[in-house]
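What follows is a short report on a single structure.
Residue numbers run from 1 in the order of the sequence given.
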Amino acid sequence: MIAPAASPSDARDALFKKLRGRLLEAVELPDLSAETWISYDDPLAQFEESLKTVGGVSVRVADRAAADAHLRQSAVWREAKQTVSLVENVGETTEGLGQVPDVHELAGVDVAVFGGLFGVAENAAVWLDFSHSDHRGLCVLAQHLVLVLPASEIEHTMHGAYARLADADGSHRQKFGRGGFGMFVSGPSKTADIEQSLVIGAHGARSLTCYLLED
């Protein structure tokens with residue numbers, strides 16, 4: 001005689017019974033106070049090493065003029081037909097692109113230059129504040145990204161980075177909380193979904209250069 005099949009509710013109850021019999025012992029939550037965060041003897045050097053690991057290139061320069069001179073000698077800039085720069089005195093915006101109302105019309109931009117507020121040593125993330133800009137879509141549309149960042153503005157970890165984006169009272173109101181937009185960018189576009197093989201530029205920028213301003 002064939003036994004009747006168990007009902008969905010019986011199967012569920014049996015599963016829950018097994019799970020209750022294998023409850024893990026409670027453990028204390030980790031200490032996330034600032035004193036326990038990772039710190040680096042040279043956060044700038046660590047930032048450069050992390051950027052190299054994620055496929056980016058760092059260049060230390062004295063000031064914006066030096067960054068501009070280096071950028072204009074690069075192959076990606078010399079070969080570019082359309083460029084957009086949101087950093088004064090570094091690169092330039094191709095005539096007409098600065099007032100484009102629809103970001104989709106910027107799909108042909110070869111090089112986009114952004115100013116970063118600060119970087120993160122542990123993963124080379126750079127915070128870009130777009131609170132007063134309509135060009136945020138360029139981060140994924142441009143073929144090549146160029147970031148300009150003060151060398152002195154490097155946080156050790158993402159913990160410190162998010163703390164920096166908080167209000168003085170400790171409530172996390174990130175910069176885009178004012179009604180704008182901001183994002184972290186770490187290196188060029190990359191994926192390892194296919195056969196665990198790292199591919200750069202699969203669905204975004206093919207390269208990222210970060211100019212670290214000493215001045």
Side-chain angles (χ1 to χ4, degrees), residues 44-61 64 66-87 90-98 100-130 133-151 153-155 157-158 161 176 181-213:
L44 179 59
Q46 179 61 42
F47 174 87
E48 292 178 299
E49 182 62 29
S50 298
L51 184 59
K52 180 180 178 181
T53 300
V54 297
V57 176
S58 62
V59 182
R60 296 195 190 192
V61 291
R64 292 189 182 188
D68 179 69
H70 187 280
L71 174 61
R72 292 179 185 276
Q73 293 299 316
S74 67
V76 295
W77 187 268
R78 294 198 309 268
E79 297 170 2
K81 294 180 175 59
Q82 293 187 337
T83 61
V84 171
S85 176
L86 302 184
V87 180
V90 181
E92 61 190 5
T93 299
T94 303
E95 184 176 356
L97 292 184
V100 172
D102 186 355
V103 69
H104 296 89
E105 296 181 32
L106 299 175
V109 170
D110 298 297
V111 183
V113 184
F114 300 103
L117 294 185
F118 62 88
V120 184
E122 69 172 343
N123 59 4
V126 177
W127 175 255
L128 306 181
D129 183 3
F130 292 105
S133 172
D134 296 326
H135 288 79
R136 62 196 188 207
L138 277 173
C139 288
V140 294
L141 291 176
Q143 292 293 309
H144 304 277
L145 297 182
V146 174
L147 307 183
V148 180
L149 177 70
E153 300 296 332
I154 305 295
E155 295 291 332
T157 66
M158 289 298 293
F176 47 80
F181 182 88
M183 64 188 295
F184 284 106
V185 174
S186 179
S189 167
K190 48 195 169 293
T191 181
D193 292 340
I194 303 175
E195 298 182 353
Q196 300 300 299
S197 178
L198 182 63
V199 178
I200 301 294
H203 41 63
R206 293 186 287 144
S207 75
L208 182 145
T209 301
C210 184
Y211 287 105
L212 298 166
L213 305 184

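Taking CG from L147 and CG from L117, the interatomic distance works out to 11.5 Å, rounded to the nearest 0.5 Å. Rounded to the nearest 0.5 Å, atoms CZ (R206) and CD1 (I200) are 12.0 Å apart. To the nearest 0.5 Å, the span separating CG on L106 from CG on L138 amounts to 5.0 Å.
Between S186 and V54, the closest heavy-atom pair is OG-CG2, 3.9 Å. Nearest heavy-atom pair across L145 and A142 is CD2-CB, 4.1 Å. Across G116 and L149, no two heavy atoms sit closer than the pair O-CD1, 3.5 Å. Pairing each heavy atom of L128 with each of G115, the nearest pair is CD2-O, 3.7 Å. Residues Q82 and L97 approach most closely at CB-CD1, 3.9 Å, considering heavy atoms. Shown here for L212 and S58, the closest heavy-atom pair between the two residues is CD1-CB, 4.1 Å.
Pairs engaging residues 74-87 under the salt bridge (Lys or Arg N to Asp or Glu O under 4.0 Å) rule: none recorded [sequence neighbours left out].
Counting only distance, with no hydrogens or angles, the side chain of Y211 and the backbone of L71 share a donor-acceptor pair below 3.5 Å. Of the possible polar contacts, one joining the T83 side chain to the E92 backbone as a donor-acceptor pair under 3.5 Å is found. In terms of modelled atom types and a separation under 3.5 Å, the side chain of T191 and the main chain of V199 share no donor-acceptor contact. Using modelled atom types, no side-chain atom of S189 and backbone atom of A205 make a donor-acceptor pair closer than 3.5 Å.
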For residues 118-126, which side-chain N or O atoms pair as donor and acceptor with protein atoms under 3.5 Å away, sequence neighbours left out?
unit_1 : atom_1 : unit_2 : atom_2 : d
E122   : OE2    : M158   : N      : 2.7
N123   : OD1    : A125   : N      : 3.1

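The side-chain heavy atoms of V61 and L213, taken from C-beta on, include a pair separated by under 4.5 Å. Contact annotation: the side chain of V109 never approaches that of T94 to less than 4.5 Å [non-hydrogen atoms, C-beta and beyond].
Under the ring-ring contact (aromatic ring centres under 6.0 Å, His included) criterion, F47 pairs with no residue at all, not counting sequence neighbours.
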message: Set out, in order, the CA-CA distance, both residues' side-chain angles and the distance that settles side-chain contact (heavy atoms from CB on, under 4.5 Å) for L208 and L51, then state yes or no.
response: CA-CA 9 Å; L208 182 145; L51 184 59; 4.0 Å; yes
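A salt bridge does not link D68 to R64: none of the charged side-chain nitrogens sits closer than 4.0 Å to a carboxylate oxygen.
Other residues, nucleotides and ligands contribute over 12 non-hydrogen atoms within 6.0 Å of the NE2 atom of H203.
With W77 as the fixed residue, the side chain to side chain contact (heavy atoms under 4.5 Å, CB included) test singles out one of V113, T209, V146: V113.
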